Novice: 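Right, I'll just put the structure down here and ask away after.
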Amino acid sequence: MIPIEIVYAEPDRVWRQELQVPAGASVQHALSALEHRLFPESLQVSEEFLAVYGRRVRFGDRLHAHDRIELLRPLTRDPKDTRRLRAADNPLKKPAR
């Protein structure tokens, strides 16, 4: 058995569950062992929103000891636009030359 962790984050809260899965278990196997009662009811797990330490994975990918499966949320804004707006609102930042 190997230890892994499954996490899901929202802006104001983080859900986390540690699991023990058999060596060589897949992401799908770990997700099937997830206790959904510990996570938000609205959580929908999709292969396009899965990562292990920030790197995209698929359901069939094998896990290693201490991997952290991250259940990602779709972006609501383009990160570049968000940075531009934040920079425009910052009076202390000097304009680029």
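Because only heavy atoms are used, hydrogens play no part in the values below, and waters and symmetry mates are left out as well, while side chains stay in. What you see is a predicted model; the values in this text were computed from it and never measured.
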Novice: Does atom CZ (Arg62) have a neighbourhood of more than 12 heavy atoms from anything else shown, all under 6.0 Å?
Specialist: yes
Novice: For residues 18-29, which side-chain N or O atoms pair as donor and acceptor with protein atoms under 3.5 Å away, sequence neighbours left out?
Specialist:
residue, atom, partner, partner atom, Å
Ser26, OG, Gln28, N, 3.4
Ser26, OG, His29, N, 3.1

Novice: Within this structure, what is the CD1-CG distance for the pair Ile6 and Leu71, rounded to the nearest 0.5 Å?
Specialist: 6.5 Å
Novice: With sequence neighbours left out, what residues match Asp12 under side-chain hydrogen bond (donor to acceptor under 3.5 Å, both in side chains)?
Specialist: none
Novice: Taking the side chain as C-beta and beyond, is there a heavy-atom pair between Asp67 and Ile2 under 4.5 Å?
Specialist: no
Novice: Would Glu5 and Arg16 satisfy side chain to side chain contact (heavy atoms under 4.5 Å, CB included), going step by step from the backbone distance to the final call?
Specialist: CA-CA 7 Å; Glu5 182 178 30; Arg16 175 177 290 136; 2.5 Å; yes
Novice: Is there a path of hydrophobic side-chain contacts, each under 4.5 Å between heavy atoms, that joins Leu31 and Met1?
Specialist: no
Novice: Rounded to the nearest 0.5 Å, what's the gap from CZ on Arg56 to CG on Asp61? Could you check?
Specialist: 12.5 Å
Novice: Just jot down the side-chain contact (heavy atoms from CB on, under 4.5 Å) partners of Arg55, sequence neighbours excluded, or say none.
Specialist: none
Novice: May I ask you to test the Leu50-Phe59 pair for a side-chain heavy-atom distance under 4.5 Å?
Specialist: yes
Novice: By the salt bridge (Lys or Arg N to Asp or Glu O under 4.0 Å) test, which pairs, at least two apart or in different chains, include something from residues 69-80?
Specialist: Arg68-Glu70
Novice: List the residues meeting salt bridge (charged side-chain N to carboxylate O under 4.0 Å, His left out) with Arg84, not counting sequence neighbours, and say none if there are none.
Specialist: Asp81
Novice: In this structure, would Leu63 and Tyr53 fall into the same cluster of hydrophobic residues linked by side-chain contacts under 4.5 Å?
Specialist: yes
Novice: Apart from Leu72 itself, which Ile, Leu, Val, Met, Phe, Trp or Tyr residues share its cluster (side-chain heavy atoms under 4.5 Å, direct or through members)?
Specialist: Phe49
